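Read the structure below first, then the notes.
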There are 2 protein chains.
Amino acid sequence: MKPRENIATIYEAALGVFADYGFKKATLEDIAAALGMTKGNLYRYARNKQDLYRNTVRHALLRWQGRVREAIEREADAARQFHVMCRKAVAYLAEDDALRRLLIRDPDIFPMFPADDPYADINANSVAMIRSILERGMAEKRFRSVDLDTVPEIIFSVYKMFIIRMYIISRDRAQEAMFTQTVALITQGLFQEEDRLQALNQGGDYDGSDAIPDPRLAGRS
Amino acid sequence: MKPRENIATIYEAALGVFADYGFKKATLEDIAAALGMTKGNLYRYARNKQDLYRNTVRHALLRWQGRVREAIEREADAARQFHVMCRKAVAYLAEDDALRRLLIRDPDIFPMFPADDPYADINANSVAMIRSILERGMAEKRFRSVDLDTVPEIIFSVYKMFIIRMYIISRDRAQEAMFTQTVALITQGLFQEEDRLQALNQGGDYDGSDAIPDPRLAGRS
DNA sequence: CTATAAATAAACAAAATGTTCATTTGTTTA
DNA sequence: TAAACAAATGAACATTTTGTTTATTTATAG
């Protein structure tokens, strides 16, 4: 006989309680009460409190990622996919009240400089999503050639920086405008068309080599 | 030597913690940490945790009431005072984040039907404030004559009902509109001018007696 | 420098909490 | 219908946390 509760129901209830009180102050009794069961029964769904917490957060992050993926898949064009990914990835947190509040309580869920990232596999999937869009954009000749080992990581880091600034450090609307500017900067570059052609002639696109251009040659053309 | 901390500082810090976690989950250690002291020292400012909570809530309610009083005192006209009182009394909670969140956590602070009102003296002051405005309005011939023993209580009850509906039960913007309608209803009455004169002739104003008009006389004029 | 007040931090009793498990209840199967 | 099995309860228990008290230390006033 299967458990009477769907595991997702368990995680949703747990998410709400962890969002309200944080890991420490949330009790198994609080969560069990939210589910209409006793705390002893929770051990059928999780090894211990820490295990429940970790899986609850995973559940919420995966849902976030799933929504972004769905939004991307609705776009036929790589450029539009990139824009939609950026917008949805950030906007989602405004919609997911519980995850947002939990993130604010526990910033370690989404560390800027992770010595030990508890959700590395999920974040790796996000990076892979970005890479996939860049690959497609390059294949469709919509994007410049870029290093697919590092640029997805860079974009993900910039994105992470904004999530932290917008939702964890400050809920200032100015951060949102800054994010929009940053997306424009990344997608359209800084230079005007003519200067961008100039930069291209100097190796603006990534050609696979890791040689750092001789700075003394700067300015020559 | 006086306590190194001003008591209001203590209450502000406590308010923040009680708003975040509620009475039960907030710990004296949380509050002490917010103040940069140890929990043992809190006993210089409060007899016990319950005492600290009660005084913290009093502090917040008194501040609310103080702001309403200040707003009223800026108006020269009784009618404007009444409108300003209604508006400020409700709007204040949108500004006081900590008190609002605490009220949501602990509705017993502001009970609709208090068997035992823990802040009866403060609420009595609110009723007295209303009475004062009604007295002035009547003296200035701006208001109808009303029973000053019961009508202030009625207005306060209606106001309380809206606070609970707007902030505790629902944060629906429709409640706000309903409150505005109710203020208009109370201040301008339901009847048009002519019908209001008609009602006046039938004893619409309070003449001091508690006799209930004979319902069989209804309709005659 | 002394007296006094404020604060710390440890001690302590009580309460709360995470975890385990004996028992009960619900469901499935023969 | 009864037996087997699974899910859930709720009590027990070890551990941790918390509210409160107080001996000691630190800060301040005179």
Side-chain angles (χ1 to χ4, degrees), chain A residues 1-60 98 101-102 105-106 108-109 116 118-119, chain B residues 1-60 98 101-102 105-106 108-109 116 118-119:
Chain A
M1 194 214 311
K2 65 185 183 182
R4 289 190 191 147
E5 288 295 348
N6 180 281
I7 192 65
T9 303
I10 303 293
Y11 292 150
E12 284 304 308
L15 182 65
V17 178
F18 285 131
D20 282 344
Y21 301 115
F23 176 79
K24 190 164 185 290
K25 284 182 184 291
T27 67
L28 293 180
E29 191 153 1
D30 289 337
I31 297 167
L35 287 157
M37 63 173 70
T38 60
K39 62 183 179 179
N41 194 39
L42 281 174
Y43 290 84
R44 296 200 64 84
Y45 301 94
R47 291 201 336 274
N48 52 41
K49 186 183 181 186
Q50 179 64 49
D51 183 56
L52 176 60
Y53 182 73
R54 184 173 164 280
N55 282 316
T56 295
V57 172
R58 285 184 61 82
H59 164 81
R101 290 188 291 117
L102 186 59
R105 282 193 184 283
D106 184 6
D108 285 342
I109 290 171
D116 173 50
Y119 308 99
Chain B
M1 195 211 314
K2 66 185 181 182
R4 290 189 191 147
E5 289 295 347
N6 180 281
I7 192 65
T9 302
I10 303 294
Y11 293 151
E12 284 304 309
L15 181 65
V17 178
F18 285 131
D20 281 346
Y21 302 115
F23 176 80
K24 189 164 187 289
K25 283 183 184 289
T27 67
L28 293 180
E29 191 154 1
D30 288 337
I31 297 168
L35 287 156
M37 63 173 69
T38 60
K39 61 182 179 178
N41 194 39
L42 282 174
Y43 289 84
R44 297 202 63 84
Y45 302 93
R47 289 199 339 272
N48 53 41
K49 186 183 183 186
Q50 180 65 48
D51 183 57
L52 176 60
Y53 181 73
R54 184 173 164 280
N55 282 318
T56 296
V57 172
R58 287 183 61 84
H59 165 82
R101 290 189 292 117
L102 185 59
R105 283 193 184 284
D106 185 7
D108 285 343
I109 292 172
D116 173 51
Y119 308 98

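Proteins get letters first, then strands, A, B, ... in listed order; numbering begins at 1 in each. Just so you know, these numbers come straight off a predicted model, no measurement behind them.
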Nearest whole angstrom, please: distance from the [atom2] of [N] to the [atom1] of [X].
{"X": "A:Arg44", "N": "D:dT9", "atom1": "CZ", "atom2": "C1'", "value": "12 Å"}
{"X": "B:Tyr21", "N": "D:dT18", "atom1": "OH", "atom2": "P", "value": "11 Å"}
{"X": "B:Leu42", "N": "D:dG19", "atom1": "CG", "atom2": "P", "value": "10 Å"}
{"X": "A:Lys25", "N": "D:dT17", "atom1": "NZ", "atom2": "P", "value": "11 Å"}
{"X": "A:Leu35", "N": "D:dT9", "atom1": "CG", "atom2": "C1'", "value": "15 Å"}

How many angstroms lie between atom [atom1] of [X] and atom [atom2] of [Y], to the nearest 0.5 angstrom?
{"X": "A:Ile7", "Y": "A:His59", "atom1": "CD1", "atom2": "NE2", "value": "9.5 Å"}
{"X": "A:Tyr45", "Y": "A:Leu52", "atom1": "OH", "atom2": "CG", "value": "11.5 Å"}
{"X": "A:Ile31", "Y": "A:Ile10", "atom1": "CD1", "atom2": "CD1", "value": "9.5 Å"}

Identify the pairs formed between an N or O of the protein and an N or O of nucleotides 18-22 of chain C at a distance under 3.5 Å, and give each distance.
unit_1	atom_1	unit_2	atom_2	d
C:dG18	OP1	A:Lys49	NZ	2.7
C:dG18	OP2	A:Leu28	N	3.0
C:dG18	N7	A:Lys39	NZ	3.2
C:dT19	OP2	A:Tyr43	OH	2.8
C:dT19	OP2	A:Lys49	N	2.9
C:dT19	O5'	A:Tyr43	OH	3.2

[X] and [Y]: which non-hydrogen atoms are nearest, and at how many Å?
{"X": "A:Ile109", "Y": "A:Leu102", "value": "CD1-CG, 4.0 Å"}
{"X": "A:Thr38", "Y": "A:Ala32", "value": "C-CB, 3.5 Å"}
{"X": "B:Phe23", "Y": "B:Gln50", "value": "CZ-OE1, 3.6 Å"}

May I ask you to verify if any side-chain N or O of A:Tyr45 is less than 4.0 angstrom from the OP1 or OP2 atom of D:dA8?
yes

Set of ring pair (Phe, Tyr, Trp, His ring centres under 6.0 Å) partners for B:Tyr119, sequence neighbours left out
none

Test log, rule salt bridge (charged side-chain N to carboxylate O under 4.0 Å, His left out), inputs A:Lys25 and A:Asp20
CA-CA 9 Å; A:Lys25 284 182 184 291; A:Asp20 282 344; over 6 Å; no

Name the stems that DNA chain C belongs to, where each is three or more consecutive Watson-Crick or G-U pairs with both distances under 3.5 Å?
C:1-30 with D:1-30

